[in-house]
Amino acid sequence: MSYEAIIFDLDNTLLNFELCERQAILGALEDCGISLDLNAVIETIFLQVFETYNSQYWRQRETFSPGELIEMSYRSTLAQLDIETDKISNLGESYWHIFNHSGAMEPDVNEVLTVLAGSYRLAVITNGFVSAQIPRMQAAGIEHFFEEVVVSEAIGFAKPSPEIFHHALSRLDLTPAQVLYVGDSLTHDYAGAMQVNIDFCYYNRKNQVLAQEVQPKFLISELLKLLELLI
């Protein structure tokens, strides 16, 4: 086992997407003067309803812009919960401003990247928008660790498509055997890495039970374990 580079997924591997999203959803409400308490709505209920609509609308991302999708999610959530406002468009704008500058990280990210950077070339492959992913890495203060950051929007392919992995390998001028990929998603990260014969380290952050046929090269439940594997 002799890797030249470690490539990371971004969301829920290095950055805590769930926390960033929560900060944006609730922060936008606060920015626009919408009080859940005054409307007798529990925060967790609002988040559950919003995320249900959001996941539905994001399936239409080829048709609508990110701003439109978030606005649609707020509109449907507020309607279902009987919350009235004339600031729907403001909510969408505020959400993206907050989210695009949210740098909440998974535990021990700085320590892990600092140590690994001393021995390996580092890169990122992430699904998402350039306008969100790059500023969020900057907000977290981790962008300087990475030689390459490949964002799906920029190249027209998203994980698990093998093209996005081939693109990253080309930019690094490395072969699959020279790279370890670290991610939290079996659907996007594991499936994509397997298609191009890249060794995969599954960051099992929620300690899920794996199906028998799922066999990553490595499995960790905390990022610090990477140092035991690689240093």
Side-chain angles (χ1 to χ4, degrees), residues 1-17 20-21 58-66 69 96 99-100 102-103 105-106 109 112-113 116-205 214-220 223 226 229-230:
M1 182 181 67
S2 180
Y3 302 116
E4 296 288 332
I6 313 299
I7 306 180
F8 288 88
D9 167 53
L10 185 61
D11 282 314
N12 286 337
T13 298
L14 298 176
L15 299 185
N16 186 319
F17 176 85
C20 292
E21 183 182 51
W58 274 91
R59 298 188 188 113
Q60 305 175 55
R61 59 186 176 273
E62 303 299 327
T63 305
F64 298 98
S65 70
L69 294 169
W96 279 112
F99 182 78
N100 290 354
S102 294
M105 291 185 286
E106 288 289 289
V109 165
V112 169
L113 294 179
L116 290 179
S119 301
Y120 299 94
R121 299 165 65 190
L122 303 182
V124 164
I125 299 176
T126 174
N127 288 352
F129 301 100
V130 174
S131 61
Q133 304 302 68
I134 301 301
R136 290 171 63 224
M137 292 178 68
Q138 293 170 341
I142 61 173
E143 80 285 355
H144 67 280
F145 286 112
F146 300 101
E147 184 177 331
E148 296 289 343
V149 178
V150 178
V151 184
S152 61
E153 181 196 32
I155 68 164
F157 295 101
K159 297 178 295 183
S161 293
E163 287 86 354
I164 194 168
F165 291 90
H166 286 309
H167 181 87
L169 290 172
S170 176
R171 293 295 297 251
L172 292 167
D173 194 24
L174 294 175
T175 66
Q178 295 174 297
V179 168
L180 176 69
Y181 187 69
V182 183
D184 74 297
S185 170
L186 296 178
T187 303
H188 298 119
D189 300 322
Y190 173 70
M194 291 303 95
Q195 289 186 80
V196 294
N197 296 313
I198 290 176
D199 284 351
F200 179 65
C201 178
Y202 179 41
Y203 175 37
N204 192 2
R205 61 198 288 273
V214 176
Q215 297 185 356
K217 178 78 171 180
F218 305 108
L219 188 151
I220 57 174
L223 291 175
L226 269 178
L229 292 172
L230 299 171

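When reading the values below, keep in mind they use all heavy atoms of this one structure, side chains included, and skip hydrogens, waters and symmetry mates.
- At least one donor-acceptor pair under 3.5 Å links the side chain of Asp189 to the backbone N or O of Asp184.
- By the side-chain contact (heavy atoms from CB on, under 4.5 Å) test, Pro216 pairs with Tyr190, Phe200, Tyr202, Leu210, Val214, sequence neighbours left out.
- Met194 CE to Leu186 CG: the interatomic distance, rounded to the nearest 0.5 Å, is 10.5 Å.
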side-chain contact (heavy atoms from CB on, under 4.5 Å) for Asp9 and Ser185? Distances and angles first, verdict last. CA-CA 9 Å; Asp9 167 53; Ser185 170; 5.8 Å; no
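- Side-chain contact annotation: Tyr3 with Asp199, donor-acceptor N/O pair under 3.5 Å present.
- Once rounded to the nearest 0.5 Å, the distance linking CD of Glu143 with CD1 of Ile134 reads 9.0 Å.
- Minimum heavy-atom separation, Leu14 to Phe146: CD1-CZ, 3.6 Å.
- Looking only at distances, no side-chain donor or acceptor of Gln178 sits under 3.5 Å from a matching main-chain atom of Glu4.
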After noting the C-alpha distance and the side-chain angles of Tyr203 and Phe8, does the key distance pass the side-chain contact (heavy atoms from CB on, under 4.5 Å) rule? CA-CA 10 Å; Tyr203 175 37; Phe8 288 88; over 6 Å; no
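- Between Asn100 atom CG and Gln138 atom CD the span is 11.0 Å, to the nearest 0.5 Å.
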Dump the intermediate steps for side-chain contact (heavy atoms from CB on, under 4.5 Å) on Cys201 and Ile220, then the final yes or no. CA-CA 7 Å; Cys201 178; Ile220 57 174; 3.8 Å; yes
How far apart are the C-alpha atoms of Val149 and Gln133, what are their side-chain angles, what is the distance that settles it, and do they pass the side-chain contact (heavy atoms from CB on, under 4.5 Å) test? CA-CA 9 Å; Val149 178; Gln133 304 302 68; 5.9 Å; no
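- Scanning all heavy atoms of the two residues, the minimum distance from Asp11 to Arg136 falls at OD1-NH2, 2.8 Å.
- For the atom pair CD (Glu106) and CG (Asn16), the distance works out to 4.5 Å, reported to the nearest 0.5 Å.
- A distance of 3.5 Å separates CZ in Arg205 from CG in Asn12, rounded to the nearest 0.5 Å.
- Counting only distance, with no hydrogens or angles, the side chain of Ser152 and the backbone of Gly128 share a donor-acceptor pair below 3.5 Å.
- For Phe129 against Pro66, the heavy-atom pair with the smallest separation is CZ-CG, 3.3 Å.
- Side-chain contact between Leu230 and Leu180 is present, with at least one heavy-atom pair separated by less than 4.5 Å.
- When all heavy atoms of Ile125 and Lys159 are compared, the closest pair comes out as O-NZ, 3.2 Å.
- Distance alone, capped at 3.5 Å, places no donor-acceptor pair between the Arg121 side chain and the Glu147 backbone.
- Under the 4.5 Å side-chain criterion, counting only non-hydrogen atoms from C-beta, Leu169 is in contact with Pro176.
- The side chain to side chain donor-acceptor pair (under 3.5 Å) analysis of residues 160-174, with sequence neighbours excluded, yields the pairs Glu148-Arg171.
- Here Phe17 and Phe99 bring their ring centres to under 6.0 angstrom of each other.
- For the pair Thr126 and Ile164, the tightest heavy-atom approach, listed with the atom from each and the gap, is O-CD1, 4.3 Å.
- The two residues Ala123 and Leu172 come nearest to each other via the heavy atoms CB-CD1, 4.1 Å.
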